[in-house]
Amino acid sequence: MMLRLRSRDGLERVVVENPHITTVLGLKRLIEAQLRIPVHNQTLSTNQNLLLAKSREDLHRFTDMANPDVTLSSLNLAHGSIVFLTYEGERHVAGPTVNPAGSFGRKMTMDDLIAKQMRVTRQENPHCELVSFDRDCANAFQHYVNDTLAFAVKRGGFMYGTVSEEGKVEVDFIYEPPQQGSEETLLFFRDPEEEKLVEAIAAGLGMRRVGFIFTQTISQDKKDYTLSNREVLQAAEYHAESGLKEWVTAVVKLEVNEDMSADVHFEAFQISDVCVRLFKEGWFETEIKEDDDPKLSKMKKDVVVGVKDTKEVDNDFFLVVVKISDHQGPLSSTFPVENRNTQMTVKALKNHLDRTKSLPFVKRISDFHLLLVLARVLDVNADVPALTECVQTQTSVPEGYQILIESMASTA
């Protein structure tokens, strides 16, 4: 079983042989062996807020993995689950293994040298012919980052929709995971349980995850890069995770005109094949220092750019521009969006149903964000597919579900 560890150093992986036998203490020993963090310095939790802890007193509040004898399976940890890790002290990461050549070992042939070269060139054509955004979902996202966040901190989400045989991507809704944004960084606190619900809803609607969308802040507008090194790294990670060759990375930013008026712009890219390969094979330096040039991505060893061997690659080499269009999709985007500043309440459901009561019931629930609220209390294996099928086919919702949903709203 592979567990993902999120710490201040980013996302890393630890392999566990048997989660039914391995305890929390056993996991800590594996982390010590594989990531060189001493057991006594580690604090673990499945709660993302662990990474926000400022003091020892704060750390003591996270008790779900405090018992060293509890097995991982009893904590509902499965393959791909995220565990949050904080630790005291500095960490020493092992350097790369060096294989001697020449007089100290096996001789290098010309074929060996060519095989060891990684050549970085611009990719001329994207695998995605065009990305089209549902107007309502694009507006719901850009209104929030413009009107509420004022493009002061970064915000992001995963785009869901369809991919045609010709490589056209249609985005019909945006899921916004739990996250923390600053002027320069965007950190997702991935919630596997919530993402299971999102995937179930998408599957029922005949959709899938098709891309990553994020904003650039006003302070970034003054920088001379298209995407920063952090953004390239994050976009490459999600592209690699998706396994979808048409995967799209979309950027939303505020551009100030000469007359000091400002317009919101959407731009779309694909991360190039060679960039995704470099990420998968571990070439990227994932620790970015404050004085690093944000328009350059650092590699752990030389790559060939043009005729030059270098460890620094201009981020633009990794970007392939994708054409943008828009459309009116099958869903509305008027229900409050998950994981924003406001707490999602039953009152929001009542307000939404009251506001839309002149519409057929299936239209009233044809909103991903509303379906996500319902999915938290309904059976994900039976009820969610039944409701999403009604939404996808725009057929009437069985009376039992109507009564159930209206009774939920009436408790507000």
Review point. Have Thr226 and Asp316 got a donor and an acceptor in their side chains that come within less than 3.5 Å?
Key: yes
Revision key, fill the gap. ring-ring contact (aromatic ring centres under 6.0 Å, His included) filter on Tyr238, not counting sequence neighbours, yields Phe158, Phe188, Phe212
Exercise for review: Determine, for Lys168 against Glu170, whether the closest basic-nitrogen to carboxylate-oxygen distance falls under 4.0 angstrom.
Suggested key: yes
Exercise for review: Begin with the C-alpha distance, continue with both residues' side-chain angles, and end with the deciding distance and a verdict on salt bridge (charged side-chain N to carboxylate O under 4.0 Å, His left out) for Glu184 and Lys223.
Suggested key: CA-CA 11 Å; Glu184 301 285 341; Lys223 310 286 174 68; 3.0 Å; yes
Study note, to complete from the structure: Taken in chain and number order and not counting sequence neighbours, the residues that satisfy side-chain contact (heavy atoms from CB on, under 4.5 Å) with Ser272 are Gln123, Val274, Cys275, Phe318, Val320
Check your understanding: What do the steps show when you test Glu193 against Lys196 for salt bridge (charged side-chain N to carboxylate O under 4.0 Å, His left out), and what is the final call?
Key -> CA-CA 5 Å; Glu193 292 307 310; Lys196 275 183 201 165; 3.2 Å; yes
Exercise for review: For residues Leu378 and Leu404, determine if any side-chain heavy atom of one lies less than 4.5 Å from a side-chain heavy atom of the other.
Suggested key: yes
Practice item. Could you verify whether a donor N or O on one side chain and an acceptor N or O on the other, from Glu312 and Thr310, lie under 3.5 Å apart? Key: no
Practice item. Applying salt bridge (Lys or Arg N to Asp or Glu O under 4.0 Å), name anything that partners Asp309, two or more places apart in sequence or on another chain. Key: none
**Study point:** Results of side-chain contact (heavy atoms from CB on, under 4.5 Å) for Asp263 - residues two or more places apart only
**Key:** Asn257, His265
Check your understanding: Side chains of Glu12 and Thr286: donor-acceptor distance under 3.5 Å anywhere?
Key -> no
Review point. With side chains defined as the heavy atoms from C-beta onward, is the minimum distance between Thr356 and Lys363 less than 4.5 Å?
Key: no
Point to revise | Short N-O contact, Arg36 and Glu32, less than 4.0 angstrom | key: no
Check your understanding: In terms of side-chain heavy atoms, does Tyr225 have a donor or acceptor partner in Asn315 at a distance below 3.5 Å?
Key -> no
Review point. Does a donor on one side chain sit under 3.5 Å from an acceptor on the other, for Asp64 and Ser45?
Key: yes
Point to revise | Test: Arg340 and Glu176 ion pair at under 4.0 Å | key: yes
Check your understanding: With sequence neighbours left out, what residues match Glu241 under salt bridge (Lys or Arg N to Asp or Glu O under 4.0 Å)?
Key -> Arg4, Arg190, Arg209
Practice item. For residues Leu3 and Val15, determine if any side-chain heavy atom of one lies less than 4.5 Å from a side-chain heavy atom of the other. Key: no
Review point. Would you call Ile213 and Ile174 a side-chain contact if the rule is heavy atoms closer than 4.5 Å?
Key: yes
Check your understanding: Within the distance-only criterion (no hydrogens, no angle test), does the side chain of Asp367 pair as donor or acceptor with the backbone N or O of Thr334 below 3.5 angstrom?
Key -> yes
Check your understanding: Residues two or more places apart in sequence or in another chain: which of them pass ring-ring contact (aromatic ring centres under 6.0 Å, His included) with Phe335?
Key -> His352
**Study point:** N/O donor-acceptor pair under 3.5 Å between Thr22 side chain and Asn18 backbone
**Key:** yes
Revision key, fill the gap. Sorted by chain and residue number, the side-chain hydrogen bond (donor to acceptor under 3.5 Å, both in side chains) partners of Asp273 (sequence neighbours excluded) come out as His127
Check your understanding: Does Asp292 use its side chain to pair, donor to acceptor, with the backbone of Pro294 at less than 3.5 Å?
Key -> no
Point to revise | Pair Lys253 + Glu267, salt bridge at N-O below 4.0 Å | key: yes
Practice item. Run the numbers on Arg208 and Tyr160 for side chain to side chain contact (heavy atoms under 4.5 Å, CB included), then give the verdict. Key: CA-CA 5 Å; Arg208 61 161 295 162; Tyr160 282 77; 5.6 Å; no
Exercise for review: Of all the heavy-atom pairs spanning Gly161 and Val210, show the shortest one and how long it is.
Suggested key: N-CG2, 3.9 Å
Exercise for review: Report yes or no: does Arg364 contribute a side-chain atom to a donor-acceptor pair with the main-chain N or O of Leu353 at less than 3.5 Å?
Suggested key: yes
Review point. Of the non-hydrogen atoms in Val153 and Thr215, which two are nearest, and what is the gap between them?
Key: O-OG1, 3.9 Å
Review point. For the side chain of Thr148 and the backbone of Val145, is there at least one donor-acceptor N/O pair under 3.5 Å apart?
Key: no
Revision key, fill the gap. On a heavy-atom basis, the closest approach of Val391 and Ser366 is CG1-OG, 3.6 Å
**Study point:** Cationic tip of Arg155 above Tyr144 ring, under 6.0 Å, 45° of axis
**Key:** no
**Study point:** Side chain Glu338, main chain His369, donor-acceptor under 3.5 Å
**Key:** no
Practice item. Verify the neighbour count for atom CD of Glu17: are there more than 12 heavy atoms of other residues, nucleotides or ligands below 6.0 Å? Key: no
Practice item. State which residues pass salt bridge (Lys or Arg N to Asp or Glu O under 4.0 Å) with Arg29; sequence neighbours excluded, sorted by chain then number. Key: none
Point to revise | Any donor-acceptor pair under 3.5 Å from Gln270 side chain to Lys245 backbone | key: yes
Exercise for review: Taking side-chain hydrogen bond (donor to acceptor under 3.5 Å, both in side chains) as the test, write out the residues that go with Thr162, two or more places apart.
Suggested key: none
Exercise for review: Taking the side chain as every heavy atom from C-beta outward, state whether Gln42 and Ile31 have any pair of such atoms under 4.5 Å apart.
Suggested key: yes
Practice item. Verify the neighbour count for atom CD of Gln328: are there more than 12 heavy atoms of other residues, nucleotides or ligands below 6.0 Å? Key: yes
Point to revise | Under the side-chain hydrogen bond (donor to acceptor under 3.5 Å, both in side chains) test, residues paired with Lys28 that sit two or more places apart | key: none
Check your understanding: With sequence neighbours left out, what residues match Thr395 under side-chain hydrogen bond (donor to acceptor under 3.5 Å, both in side chains)?
Key -> Thr393
Exercise for review: Taking atom CD of Glu88 as the centre, report whether more than 12 heavy atoms of other residues, nucleotides or ligands fall under 6.0 Å from it.
Suggested key: yes
Study note, to complete from the structure: By salt bridge (Lys or Arg N to Asp or Glu O under 4.0 Å), Asp224 pairs with (sequence neighbours left out) Lys295
Check your understanding: Using 4.0 Å as the upper bound for N to carboxylate O, is an ion pair formed by Lys154 and Glu231?
Key -> yes
